[in-house]
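To find a chain, count down the sequence lines: A is the first, B the second, and so on, and within it residues start at 1.
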Amino acid sequence: MSLRYTLIDSILLFLFKETQKMERTLIGELRSHLEETVLIKGWLHVLRDQKKIQFLVLRDRTGMVQITHWKPNNQELADLISTFTTESALTVVGKVSDNPSVKLGGLEIQLESISVENLAETPLPFEPFGDKDNLPALDFRLDWRYMDLRRTENLLLFRVQTTMEMALREFWIENGFMEMHSPKLMGSPSESGAELFELAYFDTKAYLAQSPQFYKQMAMAGGFERVFEIGPVFRADPSFTSRHMTEFTSVDMEMSWVESEEDVMSNQERMLQYAYKRVKELHGEEIKIVFGFELEVPQVPFPRITMSEAHQILKEVGYQLPPDKKNDLDPGAERVLGETIKQRTGCDFVFITEWSFAVRPFYHMKKGEKLTRSFDLIAGGLEITTGAQREHRYEVLLAQAKEKGLSPDNIQFYLDFFRYGCPPHGGYGMGLSRLLMVMLKLPNIRETVYLFRGPNRLQP
RNA sequence: GGGGGCGUGGUGUAGUGGCUAACAUGCGGCCCUGUCAAGGCCGAGAUCGCGGGUUCGAACCCCGUCGCUCCCGCCA
């Protein structure tokens with residue numbers, strides 16, 4: 001049976017090739033097309049133009065291949081090729097041949113025809129594939145982001161991000177979560193109000209959401225039990241650091257019927273472990289080559305330390321917190337804690353629990369008089385998550401809002417969620433780019449986001 | 001918002017009071033039957049962010065200004 005179908009297939013394929021336009025072959029798949037004439041598309045990575053022979057290296061998203069042209073075969077074509085500039089977009093037709101002496105994959109393509117889709121102007125603003133020592137400063141690369149994105153590191157980074165988001169969704173769906181999309185336009189400043197972007201909205205004002213917090217809690221009151229959202233949030237903070245953005249992608253989760261914040265943390269650590277595992281499966285080898293390290297899948301459970309234990313550790317290692325951080329941590333303390341926990345347990349992640357109500361929002365459930373059922377997740381010394389069990393009892397929540405000096409009028413729509421059978425629940429928010437930054441050990445968040453938005457950058 | 005640092009060819013750097021401002025890379029030209037991050041030779045390209053001051057003389061010192069950057073605050 002299989003023989004017959006193979007024969008018919010070959011005849012059909014032959015007829016197809018004779019009568020139809022050629023289909024594009026990806027460079028990464030050329031090995032399985034030896035001795036065939038193929039059509040490939042990509043960017044001119046380098047041109048080595050010698051007296052009798054021309055070598056073109058063409059790059060697409062799957063790899064690079066050398067194309068060879070013996071000039072005397074077609075001098076007119078050779079003269080045309082001589083005018084090509086690196087990074088031009090080309091379509092090439094040629095025959096694939098095995099050639100072990102070619103360092104690039106042991107393959108080369110004997111050129112038959114070539115056409116220019118878009119000639120790159122010269123000189124380029126910078127060389128995406130030049131010496132690492134000559135790589136322009138980040139700010140300049142962001143001005144020319146589309147050129148910067150061509151770099152191998154960036155292509156891989158955004159494939160890793162895609163895999164990571166896929167893995168998160170796989171994990172959540174496997175665990176009974178529903179995906180939600182909450183609005184980013186809001187009618188009233190909800191939580192603090194200080195860091196909200198305000199914009200004209202017909203005859204009134206609107207605000208850009210700085211968190212889906214209230215809306216995902218609404219889904220708990222709505223009986224969805226388990227939800228997640230991956231979406232944009234906006235913070236009008238003039239922060240000039242390597243880890244802040246005014247617009248970023250927030251990874252949010254909320255789950256009902258929790259016994260405590262522990263349920264949220266154990267869910268999150270398993271999700272992160274799964275995401276690391278998937279990324280390692282699909283990109284571990286490339287990460288080793290491109291970023292130069294072995295991606296480690298973290299063990300669960302992650303270490304958990306209370307805030308007072310954290311302060312004890314800081315004392316032991318001699319880190320001085322500023323006096324106003326009695327119930328809190330500063331970025332330096334987070335780095336030191338991350339390092340110390342790594343040394344003591346081998347884990348890159350650590351949950352800090354039992355935060356003081358004084359430094360937490362009103363909706364975090366209290367644990368005793370002063371503490372809360374909340375946590376931060378520190379990864380590679382960087383804060384990537386805040387989570388908590390929420391306060392779901394209307395009267396208690398109202399009292400906590402008042403304790404924080406909030407006017408109930410502004411948040412009445414939110415308080416109403418808790419009037420008609422809202423289950424106990426908890427969740428967290430995690431910065432997508434911060435996670436990617438930690439995972440790939442990159443020093444600046446602007447490297448890990450498609451297009452950075454900050455106080456001084458709205459372009460491109 | 002507070003504090004520190006940096007602005008030199010397209011890009012990355014060197015030069016810290018007396019040079020026609022150097023090097024690498026890229027760019028242009030020539031040479032080279034097979035290269036492979038090719039190689040060799042030649043060439044173009046910077047009034048040293050901008051404005052003022054000190055000095056016989058400023059890329060270099062001082063003041064201002066603009067831009068960038070890092071740290072803190074705030075957070076993810």
NA contact type, [X], heavy-atom cut-off 4.0 Å: base, sugar-phosphate, or nothing?
{"X": "Lys325(A)", "value": "sugar-phosphate"}
{"X": "Arg457(A)", "value": "nothing"}
{"X": "Glu121(A)", "value": "nothing"}
{"X": "Asp131(A)", "value": "base"}
{"X": "Val46(A)", "value": "sugar-phosphate"}
{"X": "Ser433(A)", "value": "nothing"}
{"X": "Asp376(A)", "value": "nothing"}
{"X": "Ser242(A)", "value": "sugar-phosphate"}
{"X": "Arg446(A)", "value": "sugar-phosphate"}
{"X": "Asn99(A)", "value": "base"}
{"X": "Gly429(A)", "value": "sugar-phosphate"}

Heavy atom of [range] under 4.0 Å from RNA chain B: which residues?
{"range": "residues 380-388 of chain A", "result": "Glu383(A), Ile384(A), Thr385(A), Thr386(A)"}
{"range": "residues 305-321 of chain A", "result": "none"}
{"range": "residues 49-71 of chain A", "result": "Asp49(A), Gln50(A), Lys51(A), Lys52(A), Ile53(A), Phe55(A), Gln66(A), Trp70(A)"}

Worksheet entry | Pairwise 5' ranking along RNA chain B for Arg235(A) and Phe240(A), keeping only the more 5' one |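 The 5'-side residue here is Phe240(A).
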Practice prompt. Could you pick out which residue, Leu138(A) or Phe248(A), lies toward the 5' side of RNA chain B when each is mapped onto its nearest nucleotide?
Written response: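 The residue whose closest nucleotide sits nearer the 5' end is Leu138(A).
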Give me the distance, rounded to whole Å, that separates [N] from [M] when you measure between the [atom1] atoms they each carry.
{"N": "G57(B)", "M": "U16(B)", "atom1": "C1'", "answer": "16 Å"}
{"N": "G45(B)", "M": "A21(B)", "atom1": "C1'", "answer": "14 Å"}
{"N": "C19(B)", "M": "C60(B)", "atom1": "C1'", "answer": "13 Å"}
{"N": "G15(B)", "M": "G9(B)", "atom1": "P", "answer": "16 Å"}
{"N": "U65(B)", "M": "A22(B)", "atom1": "P", "answer": "34 Å"}
{"N": "G28(B)", "M": "G10(B)", "atom1": "C1'", "answer": "14 Å"}
{"N": "C23(B)", "M": "C48(B)", "atom1": "C1'", "answer": "16 Å"}
{"N": "U8(B)", "M": "C50(B)", "atom1": "C1'", "answer": "15 Å"}

Item to complete: Using the side-chain hydrogen bond (donor to acceptor under 3.5 Å, both in side chains) rule, collect all pairs that involve residues 324-333 of chain A, keeping only residues at least two apart or in two chains.
Response: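 Residue pairs passing side-chain hydrogen bond (donor to acceptor under 3.5 Å, both in side chains), neighbours aside: Tyr319(A)-Asp330(A).
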Worksheet item: Between Phe417(A) and Tyr363(A), does the ring centroid distance fall short of 6.0 Å?
Response: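 No; Tyr363(A) has its ring centre 6.0 Å or more from that of Phe417(A).
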Look at [X] together with [Y] and state whether they make a salt bridge at an N to O cut-off of under 4.0 Å.
{"X": "Glu36(A)", "Y": "Lys95(A)", "result": "no"}
{"X": "Arg304(A)", "Y": "Glu269(A)", "result": "yes"}
{"X": "Glu165(A)", "Y": "Arg278(A)", "result": "no"}

Discussion item. Is it true that, when you exclude Trp172(A) itself, more than 12 heavy atoms of the residues, nucleotides or ligands shown sit nearer than 6.0 Å to its CH2?
Written reply: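 Yes - once you tally the heavy atoms of other residues, nucleotides and ligands closer than 6.0 Å, there are more than 12.
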Practice prompt. Mark yes when over 12 heavy atoms from residues, nucleotides or ligands other than Met307(A) sit less than 6.0 Å from its CE; otherwise mark no.
Written response: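 Correct, the count exceeds 12.
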Worksheet item: Between which nucleotides of RNA chain B, read 5' to 3', does contact with chain A run, using atoms under 4.0 Å from its heavy atoms?
Response: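 Endpoints of the contacted stretch of RNA chain B: G1(B) to A76(B).
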Practice prompt. Can you sort out the partners of Glu339(A) under salt bridge (charged side-chain N to carboxylate O under 4.0 Å, His left out), two or more places apart, ordered by chain and number?
Written response: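 Partners of Glu339(A) by the salt bridge (charged side-chain N to carboxylate O under 4.0 Å, His left out) criterion come out as none, since no residue qualifies.
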Practice prompt. Using the test salt bridge (charged side-chain N to carboxylate O under 4.0 Å, His left out), find all partners of Arg270(A) that sit at least two apart in sequence or belong to another chain.
Written response: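 Testing Arg270(A) for salt bridge (charged side-chain N to carboxylate O under 4.0 Å, His left out), a comparison that skips the adjacent residues, returns none.
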Item to complete: Check side-chain contact (heavy atoms from CB on, under 4.5 Å) between Ser407(A) and all other residues, then give those that pass, not counting sequence neighbours.
Response: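 Scan of Ser407(A) (side-chain contact (heavy atoms from CB on, under 4.5 Å), adjacent residues dropped) gives Asp409(A), Asn410(A).
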Side chains of residues 424-448 of chain A: which donor-acceptor pairs under 3.5 Å do they make with residues two or more places apart or in other chains?
residue	atom	partner	partner atom	Å
His425(A)	ND1	Pro423(A)	O	2.9
His425(A)	NE2	Gln217(A)	NE2	2.9
Arg434(A)	NE	Arg243(A)	O	3.1
Arg434(A)	NH1	Glu383(A)	O	2.9
Arg434(A)	NH2	Arg243(A)	O	2.9
Asn444(A)	OD1	Arg446(A)	N	2.9
Arg446(A)	NH2	Thr241(A)	O	3.0
Glu447(A)	OE1	Arg141(A)	NH1	3.3
Glu447(A)	OE2	Arg141(A)	NH2	3.0
Thr448(A)	OG1	Ser433(A)	O	3.2
Thr448(A)	OG1	Ile445(A)	O	3.0

Donor-acceptor contacts, no H, no angles, side chain residues 114-131 of chain A, under 3.5 Å, sequence neighbours left out:
residue	atom	partner	partner atom	Å
Glu117(A)	OE2	Thr91(A)	OG1	2.4

Worksheet item: Is there any ring-ring contact (aromatic ring centres under 6.0 Å, His included) pair reaching into residues 48-87 of chain A, and which pairs are they, with sequence neighbours excluded?
Response: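 For residues 48-87 of chain A, and leaving out neighbouring residues, there are no ring-ring contact (aromatic ring centres under 6.0 Å, His included) pairs at all.
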Item to complete: Return each pair, listed once, that meets ring-ring contact (aromatic ring centres under 6.0 Å, His included) where at least one residue sits in residues 430-450 of chain A; pairs must be two or more places apart or across chains.
Response: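 Residue pairs passing ring-ring contact (aromatic ring centres under 6.0 Å, His included), neighbours aside: none found.
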Discussion item. Both conditions, 6.0 Å and 45 degrees, for the charged tip of Lys404(A) above the ring of Phe357(A): are they met here?
Written reply: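 Yes, a cation-pi geometry.
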Worksheet item: Considering Watson-Crick and G-U wobble pairs with both distances under 3.5 Å, what does U11(B) pair with?
Response: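 Pairing partner: A24(B).
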Discussion item. For the CD atom of Gln54(A) and the CG atom of Leu111(A), what is their distance to the nearest 0.5 Å?
Written reply: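 Reported value, rounded in 0.5 Å steps: 8.5 Å.
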